[in-house]
*Asks:* 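Here it is, the structure, as structure tokens.
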Amino acid sequence: MNATFEPAATASGAKPSRRSVIKGLAGAAVGAVALAAPRIARAAEPIRFLHDETDPPTIEFFNKAIAAFEADNPGLKIEMEAVGSAGRLQKVTAMLNAHTMPEIFKILPEERFSFGRQGFLEPLDDVINAIGVDQYPDRMIAPIDGKRYSIPYTIGHSSVFWYRQDLLEAAGVELPRTWDEYIATAAKLTTGDQFGTVFPANKNRVTSLFFSQYYWSAGGTYFDKDLNLVFGGDAAVAALDFQKRLFASVPPGVVNYVNNDLVNAYLTEKVALVSWAGRLVSTAAANKPDLVTRTRAGKRPAGPAGVGVGFANPNNLALASEAVGARNVGAAKEFLQYILTGDRAVDFALTAYPHLIPPTAAVRSDPRLLAGTPALAGRNDLAEASFDISDTLDFESEAGAKIEGGKVELSGVTNPYIGAIIAKDIPAQIVQQVLLQDKAPADAVAWGQAQMESALAAARKG
Amino acid sequence: MARVDIEGIEKRFNGEGGVHGVTLSVQDGEFLAILGPSGCGKSTLLRLIAGLERPTAGRIRLGGRDATGLHPKDRDIAMVFQNYALYPHLTLRENIAFPLKVKRLPRRAIDTRVAEVADMVGIGHLLGRKPRQVSGGERQRAALARALVRKPALFLLDEPLSNLDAKLRQAAREELKALQRRTGLTALYVTHDQVEAMGLGDRIVVMQAGRIRQIGTPEEVYRFPGDTFVATFIGTPPMNIVDHGDLLVGFRPETVIVGDAAGPAVAFPVVIRHVEYLGNVNLVYADARAPGQPVRVVAALPSQSAMPFSPGQETNFRVDAADLRFFDKATGLAVRDAGVTARFVQERSDG
Amino acid sequence: MAEPVTVYPGDRRFAYLALAPSVALVLMLIAVPTVAIFALAVQDVPLGRYSGDFVGLANFRRLFADADFYAALGNTFIWIGGSVGLEMLFGTGLALLLNQRFPLRWLARTILLAPYLLPTIVAVLVWRYMFDDIVGIVNHIAISAGLVARPIQWLTSPRVALLSVILIGVWKFTPFVVIAILGILQSIPGEQYDAAKLDGAGPVRRFVTITLPHILPVFVLTALLRTIWTAHKFDLIYLLTGGGPINATTTLPVLVYVRGFHDFDAGGASAIALVILLLIALLLVPYLLIHRWSEARQ
């Protein structure tokens, strides 16, 4: 030993403290495993359920229904996860790739084609047949290659024409019946910080949805009945012209709008005329009942084709296949059937009445449903307007539709490819170019056509 | 004219420190040392004169003009700081030239003056270096040069030598005094080191707790201290103070006589504790008999002379009556009454 | 300058052990994803998948032919230049201010540092409401005070949105600059300012001669850090505007997200990510040069 002081060699030197570090790390590792173990054990066979109905009353309903189901079926556990609409597809895509899909998940109608074809989904024909295929509107239950891969849990009718009776009366105007009247009336009702109407202009699905309504109302369709892309023509230019002229009467912030912003614009009493879902009324009933008394529902203003075409599509639940991570498929089907029928279906629809439209005729005629909620007592007119899906189309059923002379005639062809166009928000971008970048409608349409072609090419390949 | 007149200066800080009721005058060309322990307010006084602090009350006159409200730059004062305050990223030349650049002197004139002043303090060969590339003593001289280059009317120095080591301090002290003589500048020099103050000052201002205790030449302050604080602060070892009723009696260590006294002498009974040999003096530590506790007293005898004392010895320290100093026990102030001395001698002779 | 430290044999092993968790974390969170990005960037990844066939630089060729990329590149430069420039300017100014003594200085310091401590999501929500065209308080005050006649579309006008996002970013991150500069300011010996005052130097000269050289190394380092972090910034912009309106506030990181998670183009998104990496590396160069120059001056 040399003469210099060697702390490492003494009793209180580095060696014992190193040992205590190792001990500490080991302890932490054991602790982490101990904490995780119960989780791992518990996750033996739960049924996982992913959806995007995040309204608190709806969440409450699900919790109750799940508890009841678990009580009736000891040994089965349901794990529910609610996500926002915006992040749903990203999450689902990630889980598909990682093979960790939940058993039951929310799927948009245009998504079920590619998912079904790639084997991500378990067919649900047995569940649908048990409930009754004819209970559902034809176009909302169309099969793909003979199989049905998803089941509607609600109909989303996004185009009820709500209006402020008091504001129209005060301005001495009638409810507009045509596009020209709509533009004029909206302009008349736009003063200071009040706006005649509202529609979204963000780069998202709801903007594409609004544009599509106007495009159809001008007689155009995206595809013909042979599934060729026919988007464009006078109808597209007319629709864009219409939106451009109507743009002068909408709040400036629409370029950032998502679904809820449409509701907020109406609830803050800033707009007089709005085409949107029953969510408007259900939210108003919960937060501003007085506003409901001043709200009415009317017929949509007619476009050049003589009719105001609306948008209504099913919101679906699908069953993931075992190939992508679903485990307890049988039990999941039982839960699906449980939650979509009987009292549960009525309870569900009542959590956001009259926004959540029951997809089956039986539930729609259920007396308890027709009684509505106390908040909307005596306002059956609003529920009727919301439930009325005549003259509506959706993305996958519009191919080859004939819209003229005030009538809408479906071709009966289901379009599996349009999802690629909508997912890329191409119609929304066309609208943005015309409204925000002052592009000539014809040029924007030409741009859109090119984008749609390449999206389609990729979709048909993959 | 570079006289300084300070009248009734007050500076109050929240908490400690500050300066109270300071009045003093500095003659043109005088080297005035301001001496005191840490926290006595000497640096504050200097900063007040410089204009870096504003007094709460009182007036400051520089060269006869009222300068109390003047900005530092208008007072024609230069200052050397304890830590030199050189700009680290400029060369010594640029540092020294800085005041002249601010005054927008022409380049030629600046170069000449800088060279002049640098030679005066002996760093002419270092002008291209940065402060951290030269030694402490050289930095101190650079700070001096920067102060001198403006040819100020008044020169303030705040403990400029305290960061130098002991050997260097001695030499620097000599140079500083020579410099001041040569330039004829009025200088105010703040220090806590009484050797410096005694060596450098034409007059010394002794401060304590924000007040002036005494102003006088080094000899006055040493031989006739104005109160017990000055008496014990100045002088190493300090003056011996012994109780005597309601008076305090003091005598300096070197006034202890060995052999015959010139006039009447007084004896202080002591017990010798130990003797320290310091080369030129022997310090004799003893306990003097006093009412209550024994008091530690020290005698300083030239080491060349005889050493009559040894540890343990019970003997007397004899002091010439003329070397005794008396202070009032209550106030600590010196008592200058000839009668007092006579009475004391009388009492001592009796007892 | 520093003396060498004596290291005993047992110490070295202990040091490695103590470092191991951090190294593992760094490898997991940084090294692995970086390698993965390099790999993805040269693959043709089908929609919705995360691996594909090797295609060399095809993704990059596609990227450099994409108008959106150049728009995002331009936006990125404006975003970085505007943000860092304003942050350094305001941050240094505020630091100089907070270095002075004034009543309630502790309160001023607390308030000024608060934005940095606020979680991004909270800040974003608050600013979105404040900047709303119809119900936002900023427009309300501006109109009531007569500063503007019509509401300003802070986050919804393609011309104004990027500026608004920059201002919010500056509000949020200037405190970091303040902290850094204030720290170095407080280490400047006060005596130097006293000497300069006596010599007649005014505030500007004192700043240039004393303050600036002293803070320069920290200033450069802070600007460097702010540049790297600003170049990366995704959450603030995306949450405020989603990259819109249209792509007015789409910077490269936002474009990565949109390509990767909206268009499900993992290969293209990875290519953009690598371009960002290159961009930051290039941005480092001037800073390193300035740093070396300022070190040499010392």
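Proteins get letters first, then strands, A, B, ... in listed order; numbering begins at 1 in each.
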*Asks:* Has A:Lys91 got more than 12 heavy atoms of other residues, nucleotides or ligands less than 6.0 Å from its NZ?
*Replies:* no
*Asks:* Would one find more than 12 heavy atoms of other residues, nucleotides or ligands at under 6.0 Å from atom CD1 of C:Ile121?
*Replies:*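 Above 12, so yes.
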*Asks:* Against chain C, label A:Tyr257 side chain, backbone, both or neither, depending on which of its atoms sit under 4.5 Å from a heavy atom there.
*Replies:*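 Side chain of A:Tyr257 only, per the 4.5 Å heavy-atom cut-off to chain C.
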*Asks:* For C:Arg12, is the CZ atom crowded, meaning more than 12 foreign heavy atoms sit under 6.0 Å from it?
*Replies:* no
*Asks:* Other residues, nucleotides and ligands only: do more than 12 of their heavy atoms fall within 6.0 Å of OH on C:Tyr70?
*Replies:* yes
*Asks:* Within this structure, what is the CG-CD distance for the pair C:Asn247 and A:Gln429, rounded to the nearest 0.5 Å?
*Replies:*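 Reported to 0.5 Å precision, the distance equals 9.0 Å.
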*Asks:* Between A:Asn256 and C:Gln153, does the side-chain contact (heavy atoms from CB on, under 4.5 Å) criterion hold? Intermediate values first, please.
*Replies:* CA-CA 11 Å; A:Asn256 271 358; C:Gln153 296 173 235; over 6 Å; no
*Asks:* Do A:Gln90 and C:His262 touch side chain to side chain, with heavy atoms closer than 4.5 Å?
*Replies:* yes
*Asks:* Please round to the nearest 0.5 Å and tell me the distance separating atom CD1 of C:Ile246 and atom CG of A:Leu436.
*Replies:*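 These two atoms lie 4.5 Å from each other.
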*Asks:* Do you know the tightest heavy-atom contact between C:Pro245 and A:Val255?
*Replies:* CB-CG2, 3.4 Å
*Asks:* Within a 6.0 Å radius of atom OH on C:Tyr238, are there more than 12 heavy atoms belonging to other residues, nucleotides or ligands?
*Replies:*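 Check passes, neighbour count above 12.
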*Asks:* With heavy-atom distances below 4.5 Å as the criterion, would you say the side chains of C:Phe264 and A:Leu89 are in contact?
*Replies:* yes
*Asks:* For atom CZ of C:Phe64, decide whether the heavy atoms of other residues, nucleotides or ligands shown that lie under 6.0 angstrom number more than 12.
*Replies:*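 More than 12 within 6.0 Å, yes.
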